[in-house]
Student: 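Next up is a structure, given as structure tokens.
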Amino acid sequence: MTTLSTPIFAHPIGRIGRFRCPADHPAFHDSGPIRSGHLIVFPRTAVCIAFPKREPIIADTNTIMFYNDRQEYRRSPVSTEGDRCEWFAFAPTLIASAIGEYDVGASADATTPFHWHKAPCDPQSYFLQRQIVTEITTAAANGLAVDAIWLEEAMLTLLARVIR
């Protein structure tokens, strides 16, 4: 079976990966719960996401999706391209710290740090995540190392932007 989720980078502060699921894939509607950690997801195509006991969400490039580890959900196609996105899995302590900057009363529960499922994606955040992914994939394609200091700073900036 085709691998749907592919990690493209790992660093002590977090991991980055790609998710690609064609609309006709047998696991499109239900690929199981999240098992890659707490994810911040940047959709590249439009897809309908339904969480248990919540109204469905149309996720697209104007949306950032948030998934807690082991989060259950189902998807329905909107785009003929299926579900294409990039995901960022940050260390739980970094997520808690970023959330604590804006919500001092936030739960310290490491199992469900995200108490929301979506947020609007501003152009600067979308551009930054595209820069990060492009830098990683270009370096890998050319057999080069990514500038670790730039990448760490860019990842932390992205986390702070999307939590804010």
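This chain uses plain numbering: 1 for the first residue, then up along the sequence. Atom set for the values below is all heavy atoms of this structure, side chains included, hydrogens, waters and symmetry mates excluded.
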Student: For Phe114 and His38, take the angle between the two ring planes, folded into 0 to 90°, and tell me which bin it lands in: parallel under 30, tilted 30 to 60, perpendicular over 60.
Tutor: perpendicular

Student: With Asp83 as reference, evaluate Arg44, His25, Arg75 under the side chain to side chain donor-acceptor pair (under 3.5 Å) test and give the passing residue.
Tutor: Arg75

Student: So Leu159 and Leu94, do their side chains get closer than 4.5 Å, heavy atoms only?
Tutor: yes

Student: Walk me through whether Phe88 and Ile13 qualify under side chain to side chain contact (heavy atoms under 4.5 Å, CB included).
Tutor: CA-CA 10 Å; Phe88 289 71; Ile13 66 170; over 6 Å; no

Student: Would the distance check show the side chain of Thr45 and the main-chain N or O of Ser79 forming a donor-acceptor pair, the cut-off being under 3.5 Å?
Tutor: no

Student: Minimum heavy-atom separation for Pro33 to Arg70, with atom names?
Tutor: CB-O, 3.6 Å

Student: For the CG atom of Leu158 and the CD1 atom of Ile40, what is their distance to the nearest 0.5 Å?
Tutor: 7.0 Å

Student: Quick one: do Ser31 and Leu4 satisfy side chain to side chain contact (heavy atoms under 4.5 Å, CB included)? Show the steps, please.
Tutor: CA-CA 9 Å; Ser31 56; Leu4 302 178; 4.2 Å; yes

Student: Ile149, Val146: one ILVMFWY side-chain cluster at the under-4.5 Å cut-off?
Tutor: no

Student: Could you state the interatomic distance from OG1 (Thr6) to CZ (Arg20), rounded to the nearest 0.5 Å?
Tutor: 8.5 Å

Student: Checking Asp147 side chain against Trp150 main chain: does a donor-acceptor pair fall under 3.5 Å?
Tutor: yes

Student: Hey, does Asn62 have a side-chain heavy atom less than 4.5 Å from the side chain of Cys121?
Tutor: no

Student: What I'd like to find out is whether the side chain of Ile132 reaches to under 4.5 Å of the side chain of Phe9, using heavy atoms alone.
Tutor: no

Student: Considering all heavy atoms of both residues, which atom of Pro56 and which atom of Cys48 are nearest to each other, and what is their separation?
Tutor: CB-SG, 3.6 Å

Student: Under a 4.5 Å cut-off applied to non-hydrogen side-chain atoms, are Ile57 and Met65 in contact?
Tutor: yes

Student: Identify the two heavy atoms, one from Asp69 and one from Gly37, that lie closest to each other, and give their separation to 0.1 Å.
Tutor: OD1-N, 3.2 Å

Student: Between the side chain of Asp60 and the main-chain N/O of Ala46, is any donor-acceptor distance below 3.5 Å?
Tutor: no

Student: Should the pair Phe51 and Tyr73 be assigned to parallel (<30°), tilted (30 to 60°) or perpendicular (>60°) ring geometry?
Tutor: tilted

Student: Do Pro113 and Ile99 make a side-chain contact, defined as non-hydrogen atoms from C-beta onward lying under 4.5 Å apart?
Tutor: yes

Student: Does this structure show an ion pair linking Arg130 with Glu135, if we count only N-O contacts that are shorter than 4.0 Å?
Tutor: no

Student: Do Pro22 and Arg84 make a side-chain contact, defined as non-hydrogen atoms from C-beta onward lying under 4.5 Å apart?
Tutor: no

Student: Please check if the number of heavy atoms outside Leu144 that lie under 6.0 Å from its CG is greater than 12.
Tutor: yes

Student: What I'd like to find out is whether the side chain of Phe90 reaches to under 4.5 Å of the side chain of Met155, using heavy atoms alone.
Tutor: yes

Student: Step by step, would you call Gln131 with Leu128 a side chain to side chain contact (heavy atoms under 4.5 Å, CB included)?
Tutor: CA-CA 5 Å; Gln131 277 186 302; Leu128 181 56; 3.8 Å; yes

Student: Of the non-hydrogen atoms in Ala98 and Ile163, which two are nearest, and what is the gap between them?
Tutor: O-CG2, 3.5 Å

Student: Please list, chain by chain and in numerical order, all residues satisfying salt bridge (charged side-chain N to carboxylate O under 4.0 Å, His left out) with Arg74, sequence neighbours excluded.
Tutor: Asp30

Student: Under 3.5 Å, is there a donor-acceptor pair between the Trp87 and Ser5 side chains?
Tutor: yes

Student: Could you check whether atom CD of Glu153 has more than 12 heavy atoms from other residues, nucleotides or ligands sitting under 6.0 Å from it?
Tutor: no

Student: Which atom pair, heavy atoms only, marks the closest approach of His29 to Pro77?
Tutor: CE1-CD, 3.7 Å

Student: Using 0.5 Å steps for rounding, measure from the OG1 atom of Thr134 to the CD atom of Gln129.
Tutor: 8.5 Å

Student: I need the minimum non-hydrogen distance between Pro120 and Ile64, along with the two atoms involved.
Tutor: O-CD1, 3.9 Å

Student: Determine, step by step, whether Tyr67 and Ser36 satisfy the side chain to side chain contact (heavy atoms under 4.5 Å, CB included) criterion, reporting the C-alpha distance in whole Å, the side-chain angles of both residues, the deciding distance to 0.1 Å, and the verdict.
Tutor: CA-CA 10 Å; Tyr67 298 87; Ser36 305; over 6 Å; no

Student: What distance do Cys85 atom SG and Phe19 atom CZ have between them, rounded to the nearest 0.5 Å?
Tutor: 6.5 Å

Student: Under the 3.5 angstrom rule, does the side chain of Thr137 hit a backbone N or O of Val133 as a donor-acceptor pair?
Tutor: yes

Student: Could you check whether Ser125 and Arg161, counting side-chain N and O atoms only, form a donor-acceptor pair closer than 3.5 Å?
Tutor: yes

Student: Just verifying a value: how many Å separate Ile8 CD1 and Ile16 CD1, rounded to the nearest 0.5 Å?
Tutor: 6.0 Å

